[in-house]
Amino acid sequence: MNLTLATTALKKYFGYDQFRPLQADIIQNVFQGKDTLVLMPTGGGKSLCYQIPAITQEGVAVVISPLIALMKDQVEGLSANGIPAAFINSSLNQEQQRNVENALLAGYVKLLYVSPEKMVSQSFQPLLKRLKISLFAIDEAHCISAWGHDFRPEYTQLKFLKAQYPGIPIIALTATADKLTRKDILGQLGLQDPAVFIASFDRPNISLTVRPGQKRYEQIFDFLKQHPNQSGIIYCLSRKGCESLADKLNERGFKADFYHAELPAARRNKVQDDFINDRTPIICATIAFGMGIDKSNVRFVIHYNLPRNLEGYYQEIGRAGRDGLPSDAMLFFSYADLLSYREMFEQSEASSEQKELKIAKLERMFQFAEAPVCRRKTVLNYFGEPYDGQCGNCDVCKNPPKHFDGTVAAQKALSAITRTGQKVGMSLLVDILRGSNRREILENKYHQIKTYGAGREYGYDDWLYLLSQMLHIGLVEIAYDDHNFLRVTEEGNKVLFSGKQISLAMPLPKVKPGEKIFAPKVVEKSKTQLLREELLGRLQLLRRDLAIQHGIPPYTLFGDVTLQHLTDARPLSDAEMLEIEGVSERKLQLYGDAFIREIRQFVLEKTQAGERITGSTNFISYHMYLQGKSVDEIAQERGFSPQTIINHLATMYERGELINIDQWVSPEECDIIQGALPLFTEPYQVKPIFEHFSERYSFDQIRWALADFRKKSLKTVE
Ligand code: ADP
Ligand code: ZN
């Protein structure tokens, strides 16, 4: 088995020209019958690593996949590309299962998705024994680890595969990278001398932004206004939070729904379905949402509340931009979130060891949000992947903080803490510094201390930002065991009493109401951009209509990347369309005509309106020819020479359009001219052939004979 075959299948069945980094190596490895472990981030392209070997090898590949919804998605996606695939899980009734079994035994199925429960059940074994199996793929392989968050006990029984089918390669795949999980997978499955492939976990297309949690609603409205017609998820901590956010969004005219574990199953399915099929673009959800969703065009993930650790954060934002197109991840953070998690963890039943671990992870999460360091660098380093330099696609890189001598500001805060007897929390301290008349201040006579009102030069949020930095550099700490009061540390005392200098990041400029945070510059769009947007919009509508007709999600029909390529390349023929990334042969067959028709229509409308649409000149001439105009008429109308028009038509003919060429060249003449071609080298030129025949045939005749030759050779290549 070689890679050329794999590359051919990649183009034919998926419409892609190239493998991504590691994919080819992994596939090669599977071809050689070796066990393999693949660690790749969500959206990295894991599925192809077993799908290509499955398609190109004899027999059926058995894929163990833990989520029923995902199985259905995968099978639909494969079927849309003309790949025979099926699944067996508890959602099938007896008859459906029998049909799948028959198809399997008849050898029709190349990929079979099975739930882990089914896979390990006794009743399933006889069928398995009768199949010719090319490979076992174990998706979401981290489910095997009791340490992980998605532990599935059935996974631990999968070691029987290696014992009973020693000669069949196993490929295990996961997006969870930590060492412990990796060790568990290799050990528990009993993989033999496995090759381990670890891809970078960077998702450079996701732009990372962290915002202070004040006025979240306004910030979200603002964001959504800047990103119209985009689909995304907003994660909230509580059920109530999801519901009220969805309500508020709807009031403001955004189409949103909510999702959480307490909704009845039917309702949950509907919400998910509406999201997948682009009927509801925005979902406000608890973390329960997203696990079973493979939607490739999720354009943003917003965390309304702080996630409890970086693992969760990264997994959740990973649901954005699987198609590789620019996407946004925005996180809001506040001390209130931090404190309520802490309380929750401390009051839980867990052992003190577990509590400590949870709290430590929470603090890392918080530091990530707080520290003015490149976000990508912070998060990748956390996952053990060194990342040098600045990513250029996070809020810190785009807007690097300016540092200033923060000694005086810090001294004011430290002094106020000391003078209150270290009996104030973050918010009260800021109110003291800003000279507020809050009741507690007057009651405790804090308005009489020297630093009362000494920090009016900074706003409330600015102080929070400065204080959080003081926390990180260790000038103050929070007494979690004593009402979260602030305490001055030894380091803090050095600043307060011994004149130690410190540097702090300047507070971010305040967001004024109505100010646009996200695309501050409004740039006039060029004519080309407007045309592009119009065509993209039309193709999106067409995709939606066709998806409804075919009963599949729009992104399964064509991904957003493919739609963009279609918009940019504007294919006007089958051959051109097949060159587009993501257009497989099957999809060309099913949807090619509709898309080409729409693009042609667009080109004609715009041309008639006096626009110049590049790349369409051949087609315009051809269209006029179809309207019954002669070459001379077309030439005159378009201001070209007749020979140029012949060239246009011949090109269209080469690409497979129907033109009766007998009026220019007879079949016999065609034969004679083509018979002389071996005397010349490609690409063939008209002039030398013309001279070769001592002007017996006209330029036009030769041009047509060449077109006919090319058309035929195109056919034989297929
Ligand atoms: P994962 O399972 O790792 O989350 P997928 O296998 O679903 O990722 O792939 C993510 C997206 O990338 C899909 O839309 C897939 O079609 C696309 N993709 C995968 N491999 C390639 C490739 N070689 N060229 C272009 N697109 C690809
Ligand atoms: Zn960065």
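Along the sequence shown, residues are numbered consecutively beginning with 1. In listed order, ligands and their atoms are each counted from 1. Computed from a prediction, not measured in an experiment: that's the story for all the values here.
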Engineer: Could you state the interatomic distance from CG (D395) to CZ (R375), rounded to the nearest 0.5 Å?
Structural biologist: 4.0 Å
Engineer: Which atoms of ligand 1 have any heavy atom of Q18 under 4.0 Å away?
Structural biologist: 22 (C), 23 (N), 24 (N)
Engineer: Do ligand 1 and T42 have nitrogen or oxygen atoms that lie under 3.5 Å from each other?
Structural biologist: no
Engineer: Where does M40 meet ligand 1, judged by heavy-atom distances below 4.0 Å: at the side chain, the backbone, both, or neither?
Structural biologist: neither
Engineer: Quick check on G324 - does any of its heavy atoms sit under 4.0 Å from an atom of ligand 1?
Structural biologist: no
Engineer: Just grab all the side-chain hydrogen bond (donor to acceptor under 3.5 Å, both in side chains) pairs involving residues 546-559, residues at least two apart or on different chains.
Structural biologist: D73-Y555
Engineer: Looking only at protein heavy atoms, which one is nearest to atom 4 (O) of ligand 1, and what is the separation?
Structural biologist: G43 N, 2.6 Å
Engineer: Salt bridge check, D560 against R322: does any charged N sit closer than 4.0 Å to a carboxylate O?
Structural biologist: no
Engineer: Return yes or no for this condition: an N or O of G45 is under 3.5 Å from an N or O of ligand 1.
Structural biologist: yes
Engineer: Could you measure the distance from the OG atom of S134 to the CD atom of Q57? Nearest 0.5 Å is fine.
Structural biologist: 5.5 Å
Engineer: Between the side chains of K587 and T562, does any donor sit under 3.5 Å from an acceptor?
Structural biologist: no
Engineer: Please check whether R20 reaches ligand 1 - meaning an N/O of the residue sits under 3.5 Å from an N/O of the ligand, judged on distance alone.
Structural biologist: yes
Engineer: Between R203 and S327, do the side chains contain a donor N or O and an acceptor N or O under 3.5 Å apart?
Structural biologist: no
Engineer: Is any protein N, O or S atom closer than 2.8 Å to the Zn ion (ligand 2), and if so, which?
Structural biologist: C374 SG, C391 SG, C394 SG, C397 SG
Engineer: Report the part of F19 (side chain from C-beta onward, or backbone N, CA, C, O) that has a heavy atom under 4.0 Å from ligand 1; answer both or neither where that applies.
Structural biologist: backbone
Engineer: Does the residue G559 have a heavy-atom contact with ligand 1, meaning some pair of atoms that are separated by less than 4.0 Å?
Structural biologist: no
Engineer: Should you measure from each heavy atom of P41, which atoms of ligand 1 turn up under 4.0 Å away?
Structural biologist: 3 (O)
Engineer: Classify the ring geometry of F383 against Y314: parallel below 30°, tilted from 30° to 60°, perpendicular beyond 60°.
Structural biologist: tilted
Engineer: Do S91 and I68 have side-chain heavy atoms sitting under 4.5 Å apart?
Structural biologist: yes
Engineer: So, do F275 and Y259 have ring centers that fall under 6.0 Å from each other?
Structural biologist: no
Engineer: Out of F14, Y16, Y50, Y555, whose heavy atom is nearest to atom 26 (N) of ligand 1?
Structural biologist: Y16
Engineer: Any nitrogen or oxygen of L48, main chain or side chain, under 3.5 Å from a nitrogen or oxygen of ligand 1?
Structural biologist: no
Engineer: Any idea which heavy atoms bring D323 and R299 closest together, and the distance?
Structural biologist: OD1-NH2, 2.7 Å
Engineer: According to the interplanar angle, ranging from 0 to 90°, do the rings of Y313 and F368 count as parallel (below 30°), tilted (30 to 60°) or perpendicular (above 60°)?
Structural biologist: tilted
Engineer: Using a 3.5 Å cut-off on N or O atoms only, is S296 in polar contact with ligand 1?
Structural biologist: no
Engineer: Going by heavy atoms in the side chains, are L92 and F87 under 4.5 Å from each other?
Structural biologist: yes
Engineer: Kindly state if atom 10 (C) of ligand 1 has a protein heavy atom within a strict 4.0 Å cut-off, that is, under 4.0 Å?
Structural biologist: yes
Engineer: Can you tell me if D323 has a non-hydrogen atom under 4.0 Å from ligand 1?
Structural biologist: no
Engineer: Counting from 1, what ligand 1 atoms have a heavy atom of S47 closer than 4.0 Å?
Structural biologist: 2 (O), 5 (P), 6 (O), 7 (O)
Engineer: Quick one: NZ on K118 to CD1 on I64, what's the gap to the nearest 0.5 Å?
Structural biologist: 14.0 Å
Engineer: Rounded to the nearest 0.5 Å, how far apart are NZ of K11 and OH of Y16?
Structural biologist: 10.0 Å
Engineer: Answer yes when R570 and E576 have at least one side-chain N-carboxylate O distance shorter than 4.0 Å, and no when they do not.
Structural biologist: no
Engineer: Which one holds for A175 and ligand 1: side chain close, backbone close, both close, or neither close, with close meaning a heavy atom under 4.0 Å?
Structural biologist: neither
Engineer: So if I count the atoms of ligand 1 from 1 in the order they appear, which ones are less than 4.0 Å from some heavy atom of E581?
Structural biologist: 25 (C)
